[in-house]
Enquirer: 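Take this structure first; my questions come after.
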Amino acid sequence: MDFKRAIAEALAKPAAMHADELINWLETPPSPEMGDYAFPCFKLAKTLRKAPPAIAAQLADEIVLPQGVAKAAPAGGYVNFFLDKAAQAKAVLEKVFAENERYGGSDIGKGRNVCIDYSSVNIAKPFHIGHLPTTVIGAALYRIYNHLGYNSVGINHLGDWGTQFGKMIVAYKRWGDHDTIDKGGVDELVKIYVRYHQESEQNPALDDEARAWFKRIEDGDAEALELFEWFKKITLKEVEEVYDILGIRFDSYAGESFYNDKMGRVVDELREKNLLKLDQGAQIVDLSDYKMPPCIILRSDGATLYATRDIAAALYRKDTYDFAKCLYVVAYQQDLHFRQWFKVVELMGYDWAKDLVHVSFGMVSGTEGAFSTRKGNMVKLRNVLDAACEKTYDIICEKSPDLEDKQTIANQVGVGALIWNSLYNGRIKDVVFDWDAVLNFDGETGPYAQYTHARACSVLRKADYKPGAVDYSKLTDPESAAVIAAIGAFPDAVVEAMEKNEPYLVTRSVINLCAAFNKFYYEQRIMADDAAVRQARLALTDATKKAIAIGLGLIGVFAPERM
RNA sequence: GUCUCCGUAGCUCAGCCGGAUAGAGCGUCCGCCUCCUAAGCGGAAGGCCGUGAGUUCGAAUCUCGCCGGGGACGCCA
């Protein structure tokens, strides 16, 4: 199956080197006509004291071709290897059919937990478009790790602590109405919160009141807690509706308030280990040796901070889940924050500090600049999802008027388009939210991949396809070979996506497969007259369908059978 | 000011643990549905890979400087 490995081993003898090293030298030629693998001979020129083309010629001549490799041809300073197309087709398709929905997966993470901190919404704040990246990147990584045998633990680290909840209570007591808020949800909470900020400018006494209320929450006062829990419930109800739409779930909602009683341990331990230092009234960990500003653990008034809470959470997660990795899917603005407290954990003597990973991503802004709840230019995620689904519904009515259950499919495609969009590029890229771009379904978009999947399903349905013996020699044309290569490349893409915590690598792998299949579909008639050809092409179509469905599943996009 | 990330076609991006003519989508222009879903396929046009040095047989890819942009930089999260 592993032709690359086999070629490296075959090269070991004539090149007088270890296969392990040679395998890293092997590359993929720029175009398929040049071969499936290429070995550059330039590096050998020095040790062998010969010109690269001469080395290439010699290697091509001396090598004993492994099973499934048809030809080795020198070309300039390269030796190009051509796989036996039928052998390659057999290897790839049999693997897909043997593994089915597990294709592209493995058990490399078996028995190991990975904590993924993502989405992490704020209570009593709108769930806006800026939360989409962390939510879908985290959810994709969750599935990708699981596919590779890890046990993912999805953690929604709720922003459910801080004086703003004291403010919320003051605002509610003054201007809030229970039924209005019950009905209007987070929007109503935001309204009274905004009003609080307007009024408190004129009336600073409100802030004292808010502090007092927050103190009552901390002290476990019944009325304060009841209101606090109510705000939480209202927010989570709305947020969970969106998670349902996105097909996302969490294993834990342990947020900031959860760690409230777990920070003493952090402070005590830092003090014991002599890491704390009093500076300008605050307790800090000095990081000047590491060219970073100090990490503040306790404010001058003794209150804990963000970093303290994150350290407490990390210790708790290590105790609870004994994670092999703990990922924080948080925007790059917080880069320094994570570098600081990761370093503090390391200084505390925990070797697992190296397993803490900040999975950073770019920021989302509007065409008018940064989004801001106060400015009111914020776009609610729910509204974008709804708009995408509506537009999809219209397109379906136009293109597939006979389709049953249009609304369900429209939702799957509309939502898929949005998720796809967020997972199409590298995480680090900033995103300017643009309705036109989001609602464009042509080209390399989610609907394109879903369409390709539905197309494959349609062919299999019409052909009344039944799996059976396949004559792989019927799949040696360039279009079939390209599809097979794309399917064969998928598992590596999944592994790389996991290693780099970059879901877009899966997205791009799916695109490559879709493009290859659409070309194949156009150039080769799948339902050929010749029975053997037809069966082989149907098997290829089936494998394509399966691989696309798996890929889409990993990034969290639905794969409808019709659209 | 310091640290950090980014700079590839008109736009959005891929390629970056160095290798053979720099790729894709969108947009523009032109083709392809008496046959498996045209949300598709093909073609054209479009790039001194920000810039200057260096390392190397070879640099979009590695190193350094510069220019331009984003972000962060002690009691918010």
Enquirer: Write down the distance separating the P atoms in rG40(B) and rC6(B), rounded off to the nearest Å.
Expert: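 Roughly 32 Å separates the two P atoms.
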Enquirer: Closest to the Phe441(A) side chain: rA39(B), rA77(B), rU4(B)?
Expert: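 That would be rA39(B).
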Enquirer: Considering only rC13(B), rA20(B), rC3(B), which nucleotide approaches the side chain of Arg339(A) most closely?
Expert: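 Of the candidates, rC3(B) comes closest.
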Enquirer: Can you identify which nucleotide, out of rA72(B), rG40(B), rC5(B), has its nearest atom closest to the Ile428(A) side chain?
Expert: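 Within the option list, the nearest is rC5(B).
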Enquirer: Looking across every strand, which nucleic acid part, if any, lies under 4.0 Å from Ile296(A) by heavy atom: base, sugar-phosphate, or nothing?
Expert: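 Touches a base.
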Enquirer: Rounding to an integer number of angstrom, what distance separates rC13(B) and rG7(B) when you compare their P atoms?
Expert: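 It comes out at 10 Å once rounded to the nearest Å.
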Enquirer: Does the ring center of Phe165(A) lie less than 6.0 Å from the ring center of Phe214(A)?
Expert: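 Not under 6.0 Å, so no.
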Enquirer: Check this for me: Asp301(A), atom CG, are more than 12 non-hydrogen atoms of other residues, nucleotides or ligands nearer than 6.0 Å?
Expert: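 Yes, enclosed.
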Enquirer: Return a table of donor-acceptor pairs under 3.5 angstrom between the side chains of residues 407-416 of chain A and protein atoms on other chains or two or more places apart.
Expert:
residue	atom	partner	partner atom	Å
Gln407(A)	NE2	Asn411(A)	OD1	3.1
Thr408(A)	OG1	Asp405(A)	OD1	2.8
Thr408(A)	OG1	Asp405(A)	OD2	3.0

Enquirer: For the backbone of Tyr196(A) and the side chain of Ser200(A), can you confirm whether one donor and one acceptor N or O come within less than 3.5 Å of each other?
Expert: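 The answer is yes, because a donor-acceptor pair under 3.5 Å joins these two groups.
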Enquirer: Is any side-chain N of the basic residue among Lys546(A) and Asp542(A) closer than 4.0 Å to the acidic one's carboxylate O?
Expert: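 Asp542(A) and Lys546(A): salt-bridged.
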Enquirer: Could you tell me whether Gln450(A) contacts a base, only the sugar-phosphate backbone, or nothing, with contacts defined as non-hydrogen atoms closer than 4.0 Å?
Expert: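 No contact.
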Enquirer: So what does Lys429(A) touch, heavy atoms closer than 4.0 Å: a base, only the sugar-phosphate, or nothing?
Expert: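 Here Lys429(A) touches the backbone only, sparing every base.
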Enquirer: How is Lys500(A) classified with respect to the nucleic acid when contacts are heavy atoms under 4.0 Å: base, sugar-phosphate, or nothing?
Expert: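 Since no nucleic acid heavy atom lies under 4.0 Å of Lys500(A), the category is nothing.
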Enquirer: Looking at rG74(B), does its base get a donor-acceptor pair with the side chain of Gln280(A) below 3.5 Å?
Expert: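 Indeed, a donor on one side and an acceptor on the other fall under 3.5 Å apart.
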Enquirer: Taking atom C1' in both rG31(B) and rU8(B), compute the distance separating them and give it to the nearest angstrom.
Expert: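 Rounded to whole Å, the distance is 30 Å.
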Enquirer: When the C1' atoms of rC29(B) and rA72(B) are compared, how many Å lie between them, rounded to an integer?
Expert: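 46 Å, rounded to whole Å.
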Enquirer: Students often mix this up, so state it plainly: with edges at 30° and 60°, are the rings of Phe127(A) and His131(A) parallel, tilted or perpendicular?
Expert: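 Aromatic pair Phe127(A)/His131(A) classed tilted.
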Enquirer: If you take the centroid of each ring, where Trp contributes its six-membered ring, are Tyr37(A) and Phe82(A) closer together than 6.0 Å?
Expert: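 Ring centres of Tyr37(A) and Phe82(A) not closer than 6.0 Å.
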Enquirer: Do the side chains of Val364(A) and Pro133(A) get nearer than 4.5 Å, heavy atoms only?
Expert: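 Touching, per the 4.5 Å side-chain cut-off.
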Enquirer: Sticking with atom C1', work out how far rG27(B) lies from rA44(B), rounded to a whole angstrom.
Expert: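 Between the two C1' atoms, the distance is 14 Å.
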Enquirer: Apply side-chain hydrogen bond (donor to acceptor under 3.5 Å, both in side chains) to the pair Arg455(A) and Asn518(A), showing each step before the final yes or no.
Expert: CA-CA 9 Å; Arg455(A) 210 181 202 189; Asn518(A) 281 319; 2.8 Å; yes
Enquirer: For rG74(B) and rC67(B), measure between their C1' atoms and round to the nearest Å.
Expert: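 Roughly 32 Å separates the two C1' atoms.
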Enquirer: When the nearest nucleotide of RNA chain B is assigned to Lys277(A) and to Ile395(A) on a heavy-atom basis, which residue is associated with the more 5' position?
Expert: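 The residue closer to the strand's 5' end, by nearest nucleotide, is Ile395(A).
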Enquirer: Would you mind classifying the nucleic acid contact of Ile284(A) as base, sugar-phosphate or nothing, using non-hydrogen atoms under 4.0 angstrom?
Expert: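 Contact class for Ile284(A): base.
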Enquirer: Just compare rG40(B), rC5(B), rG15(B) and give me whichever is closest to any side-chain atom of Tyr504(A).
Expert: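 So the side chain of Tyr504(A) is nearest to rG15(B).
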Enquirer: Walk me through it: do Asp117(A) and Arg317(A) pass the test salt bridge (charged side-chain N to carboxylate O under 4.0 Å, His left out)?
Expert: CA-CA 11 Å; Asp117(A) 182 321; Arg317(A) 288 174 191 176; 3.0 Å; yes
Enquirer: For each nucleotide in nucleotides 21-27 of chain B, reading 5' to 3', give B when a protein heavy atom comes within less than 4.0 Å of its base, S when such contact involves only the sugar-phosphate, and - otherwise.
Expert: B--SSS-
Enquirer: Using a heavy-atom cut-off of 4.0 Å across all strands, would you classify Asp279(A) as base, sugar-phosphate, or nothing?
Expert: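 Answer is base: heavy atoms of Asp279(A) come under 4.0 Å of a base.
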Enquirer: Does the side chain of Ser257(A) pick up a donor-acceptor pair with the side chain of Asp160(A) at under 3.5 Å?
Expert: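 Yes, side-chain donor-acceptor contact under 3.5 Å.
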Enquirer: Salt bridge or not between Lys466(A) and Asp464(A)? Use side-chain N to carboxylate O under 4.0 Å.
Expert: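 Answer for the salt bridge query: yes.
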Enquirer: Once you apply a heavy-atom cut-off of 4.0 Å, does Pro447(A) come out as touching a base, just sugar-phosphate, or nothing?
Expert: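 The residue Pro447(A) makes base contact.
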Enquirer: Under 4.0 Å, counting only non-hydrogen atoms across every strand here, what does Glu561(A) touch: a base, just sugar-phosphate, or nothing?
Expert: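 If one applies the 4.0 Å heavy-atom cut-off, Glu561(A) turns out to touch a base.
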Enquirer: Please compare Lys291(A) and Val79(A) by the position of their nearest nucleotide in RNA chain B and report the one closer to 5'.
Expert: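 On the 5' side of the pair lies Lys291(A).
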Enquirer: Without decimals, in angstroms, what is the distance between Asp430(A) CG and rC6(B) P?
Expert: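 Distance, rounded to whole Å: 11 Å.
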Enquirer: Let me know the distance between CG of Asp464(A) and C1' of rC36(B), rounded to the nearest Å.
Expert: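 Roughly 14 Å, once rounded to whole Å.
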Enquirer: Determine the contact category for Pro52(A): base if any of its heavy atoms lies under 4.0 Å from a base atom, sugar-phosphate if only primed atoms, P, OP1 or OP2 are that close, otherwise nothing.
Expert: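 It contacts nothing in the nucleic acid.
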Enquirer: When you compare rG18(B) with rC33(B), how far apart are their C1' atoms, in angstrom units rounded to a whole number?
Expert: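 Comparing C1' positions in rG18(B) and rC33(B) gives a spacing of 46 Å.
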Enquirer: Counting only side-chain heavy atoms from C-beta out, which of rC41(B), rA38(B), rA20(B) sits nearest to Ala38(A)?
Expert: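 Ranking rC41(B), rA38(B), rA20(B) by closest atom to the Ala38(A) side chain puts rA20(B) first.
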Enquirer: Starting from Watson-Crick (N1-N3 plus N6-O4 or O6-N4) and G-U wobble pairs under 3.5 Å, report the runs of at least three that RNA chain B belongs to.
Expert: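 Stems for RNA chain B, defined as runs of 3 or more consecutive pairs: B:1-7 with B:67-73, B:10-13 with B:23-26, B:28-32 with B:40-44, B:50-54 with B:62-66.
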Enquirer: Write down the distance separating the P atoms in rU61(B) and rA20(B), rounded off to the nearest Å.
Expert: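 Result for the P pair: 13 Å, nearest Å.
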Enquirer: Any idea which of rC36(B), rG74(B), rG70(B) is nearest the Tyr521(A) side chain?
Expert: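 For the Tyr521(A) side chain, the nearest candidate turns out to be rC36(B).
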Enquirer: Please work out if Phe42(A) contacts a base, only the sugar-phosphate, or nothing of the nucleic acid, heavy-atom cut-off 4.0 Å.
Expert: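 If one applies the 4.0 Å heavy-atom cut-off, Phe42(A) turns out to touch a base.
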Enquirer: Students often mix this up, so state it plainly: with edges at 30° and 60°, are the rings of His337(A) and Tyr306(A) parallel, tilted or perpendicular?
Expert: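 Rings of His337(A) and Tyr306(A): parallel, as their planes differ by under 30°.
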Enquirer: Select base, sugar-phosphate, or nothing to describe what Asp434(A) touches, counting heavy atoms under 4.0 Å on all strands.
Expert: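 Nothing: the residue Asp434(A), judged by heavy atoms under 4.0 Å, touches no strand.
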Enquirer: Give the nucleotide from the list rC6(B), rA38(B), rA39(B) with an atom nearest to the side chain of Lys399(A).
Expert: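 Selected nucleotide (nearest to the side chain): rA39(B).
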Enquirer: What nucleotide, of rG70(B), rA77(B), rC36(B), holds the atom closest to the side chain of Leu305(A)?
Expert: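 The closest nucleotide is rA77(B).
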Enquirer: The side chain of Thr392(A) lies closest to which of these nucleotides: rA39(B), rA77(B), rC6(B)?
Expert: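 Looking only at side-chain atoms, Thr392(A) lies closest to rA39(B).
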Enquirer: Taking the six-membered ring for Trp, are Phe338(A) and Trp341(A) parallel (under 30°), tilted (30 to 60°) or perpendicular (over 60°)?
Expert: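 Rings of Phe338(A) and Trp341(A): tilted, 30 to 60°.
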Enquirer: For rC33(B), measure the glycosidic angle (O4'-C1'-N9-C4 for a purine, O4'-C1'-N1-C2 for a pyrimidine) and name it syn if it falls within 90° of 0, otherwise anti.
Expert: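 Because its glycosidic torsion lies within 90° of 0, rC33(B) adopts the syn conformation.
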Enquirer: Rounding to a whole Å, what distance do you find between Phe520(A):CZ and rG42(B):P?
Expert: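 About 15 Å, once rounded to whole Å.
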Enquirer: Please determine, for the side chain of Asn425(A), which listed nucleotide (rU4(B), rA14(B), rA39(B)) has the closest atom?
Expert: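 So the side chain of Asn425(A) is nearest to rA14(B).
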Enquirer: For the pair made of CG in Leu336(A) and C1' in rC5(B), what is the distance, rounded to whole Å?
Expert: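 So the two atoms are 13 Å apart, to the nearest Å.
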Enquirer: Leu460(A) has an atom CG; how far is it from atom P of rC36(B), in whole Å?
Expert: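 Distance, rounded to whole Å: 15 Å.
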Enquirer: At under 4.0 Å between heavy atoms, what does Met292(A) touch on the DNA or RNA strands: base, sugar-phosphate, or nothing?
Expert: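 The residue Met292(A) makes no contact with any strand.
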Enquirer: Reckon Glu502(A) touches a base, only the sugar-phosphate, or nothing at all at heavy-atom distances under 4.0 Å?
Expert: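 No contact.
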Enquirer: Categorize Gly281(A) for me: base, sugar-phosphate, or nothing, with a 4.0 angstrom heavy-atom threshold over every strand shown.
Expert: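 Touches nothing.
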